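Report on the structure given below.
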Amino acid sequence: MSPSSADRSSLHRALDTMPQMVWSTRPDGFHDYYNQRWYDFTGVPEGSTDGAGWNDIFHPHDQADAWRKWRHALATGDLYEIEYRLRRHDGVYRWVLGRALPIRDAQGVIERWYGTCTDIDDLKTVERRLNRSEERFGSLVAATDAVVWSAAADGGFDRPQPRWMAFTGQDEHAAAGWGWLAAIHPEDRSTTAQDWSRALVSRALYQTSHRLRRHDGVYRAMLVRATPLVGADGSVEEWVGIHTDVTDLKEAENALRRLNETLEVKVGQRTAELVRARKVLEVTNQGLETAVRARTADLQTANEELKRFAYIIGHDLRAPLVNIMGFTSELEAGRDALSGFYEAAIATVPALTSPEIDRLFKEDFDEAIGFIRSSTEKMDRLINAILTLSRAERRMVTPEAIDMQAFLSTLRGSFGPSLAAVDGAVEIDPDLPEVVSDRLALEQIFSNLTENAIKYRAENRPVRIRIGGRLSDERAVFTVADNGRGIDPKDFERVFELFRRAGVQDRPGEGIGLAHVRALARKVGGRVTLASTLGEGTVFTLDLPRRISQTFQASE
């Protein structure tokens, strides 16, 4: 008997209070009722989904399947059940479980269909995450070299263990239950069984190590861990475990231990050798200290001798040189008097003339006196140069901050006339580094290098000199480059030696200048070198400490 209108109205009011979407259709499947929850969820106007309108708010990809299953249920009277995506009032599609059953009369004829729509979107999200987790776990197991297995709550294998069987060669029947113990090394089985039994009772993390037989009969050292999976009722549902092959690691540990033992022996031997060497060094140092003291005394003696030598040069040698120069003047005056007497005599008595006497007064006297004068002048210059070197060695270094840009610009001005005479120019690079050094020493160094560039110029081009500088760690490096004659590589060191010169000797000089430059550079803790190409020019490099202290000279 069909329910009356009053009964149906009462039923609909009850269904409107349900939190679930409920709908019903006529026997032919025409939808003619939805509860309030349906309209609240979908947001469609009341009555807009009657008939076949319900299908329009399904996801386009799900509509055909929904129609097919609904027609099948109408034709057969079977349960209608489907999962599909239903559009919510905010336009978002949510997964819904749709189910419907027919209501039949006493003769079994369908009178109506009643159905529900249950929002299962959150459940589907959880399901997807679980599936993803299972996929990740499966991928991890597939990617690892470890043997992953699971066991029943009683500790036995109750299902096939593919990784275990692949590694050990046991089949499913042999490994079932506690049969897996047969793959453990006989010496390790008892301990393994005891550790496993304690873990089953305590339900604690299972940890042990043993040797596991590989399918080729070789035993491999394994680190074993397993953890229980506990169900909602607190009981252990299964155990998940892993065997990690640590054979190579153990072999490496053994090798490292043997190496350490060997190293300890070698360290002991080396320590003994160092002790012996230290004793030898102590004895050697004592000898070196004695040698250093003796050498210091020798240097002091040599320094005193140098001072005495400089005194001899400045006084003992200069005194006879002055006498020679004085007697030369007297000789020259006597020559002039004799020459006048001779001229007067032959004017009175022509027969007194003689070619030999003529040559003596007109050539030989002049040549001899000229040779004596040039030799004494050269000797005087050498004595002055030696005294200059001696004074430079004895002079105390006076450090001061020097703006090299301004310093070299001023020095360039002092060479104005000399440069103008040879159409020359000195270029100074910008941003030269400042130094703390001895101003007089640097002035003499750069003056000598500039004078050399002018003196040994190339005759076919104007003189060009370029001075540059840069910092290198705690040192300042300066260069003086010219476009002069150049120096033969075989003479690179020779030109720094005292009284030594190189190349064509067509310029005045005693071979003192560059020796003086090197001595001054050493005096301020520096060094000077050169590079040169014959016919192109020379580059002198002066490498100085960026800063020298008041105690610098005492440490030299």
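Bear in mind that the values here come from a model prediction, so they are computed numbers and not experimental data.
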* Asked: Heavy atoms, side chains only, cut-off 4.5 Å: are Gln20 and Thr118 in contact?
  -> yes
* To do: Provide the closest heavy-atom pair for Ser532 versus Gly486 in the form atom of the first, atom of the second, distance.
  => OG-CA, 3.2 Å
* With Arg87, which residues qualify under salt bridge (charged side-chain N to carboxylate O under 4.0 Å, His left out), at least two apart? -> none
* Strictly under 6.0 Å, is that where the ring centroids of Trp54 and Trp38 end up? -> no
* Evaluate the side-chain proximity of Val435 to Leu442: yes if any heavy-atom separation is below 4.5 Å, no if none is. => yes
* Side-chain ion pair, Asp32 and Arg112, N-O less than 4.0 Å -> yes
* **Backbone N/O of Pro19 and side chain of Arg37: donor-acceptor pair under 3.5 Å** => yes
* Asked: Counting heavy atoms not belonging to Glu273, are there more than 12 under 6.0 Å from its CD?
  -> yes
* Reported CD-to-CG distance for the pair Glu111 and Asp105, which is rounded to 0.5 angstrom -> 4.5 Å
* **Atom pair CZ/CE of Phe478 and Met404 - distance to nearest 0.5 Å** => 4.0 Å
* To do: Identify the heavy atoms of Phe407 and Arg439 that sit nearest to each other, and give their distance.
  => CD1-NH1, 3.5 Å
* To do: Sequence neighbours left out, what passes side chain to side chain donor-acceptor pair (under 3.5 Å) with Thr271? Give chain and number order.
  => none
* Indicate the atoms forming the closest heavy-atom contact of Gly156 with Trp178, along with that distance. => N-NE1, 3.8 Å
* To do: Step by step, work out the side-chain contact (heavy atoms from CB on, under 4.5 Å) result for Tyr34 and Met21.
  => CA-CA 8 Å; Tyr34 296 90; Met21 292 176 277; over 6 Å; no
* Asked: Are the side chain of Asp473 and the backbone of Arg475 linked by a donor-acceptor contact shorter than 3.5 Å?
  -> no
* Asked: Can you tell me if Thr49 and Trp23 form a side-chain donor-acceptor pair at under 3.5 Å?
  -> no
* To do: Would you kindly check if the NZ (Lys) or CZ (Arg) of Arg85 is within the cone defined by 45 degrees around the ring axis of Tyr93 and under 6.0 Å from the six-membered ring centre?
  => no
* Say you draw a straight line from OH of Tyr33 to OG1 of Thr25; how long is it, rounded to the nearest 0.5 Å? -> 13.5 Å
* Has the side chain of Gln161 got a donor or acceptor atom that lies under 3.5 Å from a matching backbone atom of Arg159? -> yes
* Structure fact -> dist Lys124:NZ -> Leu97:CG (nearest 0.5 Å) comes out at 9.5 Å
* Asked: By side chain to side chain donor-acceptor pair (under 3.5 Å), which residues pair with Thr192, not counting sequence neighbours?
  -> His210
* Is the backbone of Ala521 close enough, under 3.5 Å, to the side chain of Arg527 for a donor and an acceptor to pair up by distance? -> no
* I would like to know whether Leu79 and Arg99 meet side-chain contact (heavy atoms from CB on, under 4.5 Å); could you show each step before the answer? => CA-CA 7 Å; Leu79 169 69; Arg99 304 183 75 182; 4.0 Å; yes
* **Whether Thr479 side chain and Thr541 backbone form a donor-acceptor pair below 3.5 Å** => no
* Structure fact -> Taken to the nearest 0.5 Å, the spacing of Gln405 CD from Asp431 CG works out to 7.0 Å
* Asked: Minimum heavy-atom separation for Ile548 to Asp438, with atom names?
  -> CD1-N, 4.1 Å
* How about Ile103 and Ile110: do any of their side-chain heavy atoms sit closer than 4.5 Å? -> no
* Structure fact -> Those residues at least two apart in sequence (or on a different chain) that pass side chain to side chain contact (heavy atoms under 4.5 Å, CB included) with Ala152 are Asp154, Asp158
* **Derivation of the salt bridge (charged side-chain N to carboxylate O under 4.0 Å, His left out) call for Arg220 and Asp248** => CA-CA 9 Å; Arg220 304 286 292 179; Asp248 295 338; 3.6 Å; yes
* Asked: Are any non-hydrogen side-chain atoms of Phe157 and Met165 less than 4.5 angstrom apart?
  -> no
* Asked: Are the side chains of Trp95 and Leu123 in touch, meaning some heavy atoms are under 4.5 Å apart?
  -> no
* **Contacts of Ser190 that satisfy side chain to side chain donor-acceptor pair (under 3.5 Å) - sequence neighbours left out** => Gln194
* Determine the minimum heavy-atom distance between Gly77 and Pro102, stating which atoms define it. => O-CG, 3.6 Å
* Do the side chain of Arg412 and the main chain of Val426 share a donor and acceptor less than 3.5 angstrom apart? -> yes
* Where do Phe540 and Thr529 land on the side-chain contact (heavy atoms from CB on, under 4.5 Å) test, with the steps shown first? -> CA-CA 6 Å; Phe540 286 90; Thr529 57; over 6 Å; no
* Asked: Taking side chain as C-beta onward, heavy atoms only, is Glu400 less than 4.5 Å from Ile402?
  -> yes
* To do: Determine the minimum heavy-atom distance between Leu86 and Val96, stating which atoms define it.
  => CB-CG2, 3.7 Å
* To do: Check whether any side-chain heavy atom of Trp196 lies under 4.5 Å from a side-chain heavy atom of Thr208, and answer yes or no.
  => no
* Asked: Do the side chain of Arg163 and the main chain of Trp149 share a donor and acceptor less than 3.5 angstrom apart?
  -> no
* Asked: Hey, is CZ on Arg547 packed in by over 12 heavy atoms from elsewhere, all under 6.0 Å?
  -> no
* **Any donor-acceptor N/O pair, Thr168 side chain to Arg214 backbone, under 3.5 Å** => no
* To do: Find out whether Tyr84 and Asp65 are in side-chain contact, i.e. whether some heavy atom of one side chain is under 4.5 Å from a heavy atom of the other.
  => no
* Asked: Below 4.0 angstrom, N of the basic side chain to O of the carboxylate: do Asp195 and Arg198 qualify?
  -> yes
* **OG1-CZ distance between Thr538 and Phe492, expressed to the nearest 0.5 angstrom** => 7.5 Å
* Asked: Given the rule in the side chain to side chain donor-acceptor pair (under 3.5 Å) test, do Asn254 and Arg257 qualify, once you have shown the distances and angles that lead to the verdict?
  -> CA-CA 5 Å; Asn254 292 333; Arg257 185 177 60 256; 2.8 Å; yes
* Residues two or more places apart in sequence or in another chain: which of them pass side chain to side chain donor-acceptor pair (under 3.5 Å) with Arg466? -> Glu427, Asp429
* **Verdict with reasoning, Phe446 to Leu542, per side-chain contact (heavy atoms from CB on, under 4.5 Å)** => CA-CA 9 Å; Phe446 283 100; Leu542 177 64; 4.0 Å; yes
* Asked: Are a donor atom and an acceptor atom from the side chains of Trp164 and Gln170 found within less than 3.5 Å of each other?
  -> yes
* Greater than 12 external heavy atoms within 6.0 Å of Asp90's CG -> yes
* Test log, rule salt bridge (charged side-chain N to carboxylate O under 4.0 Å, His left out), inputs Asp122 and Arg94 -> CA-CA 9 Å; Asp122 294 338; Arg94 303 272 296 178; 3.5 Å; yes
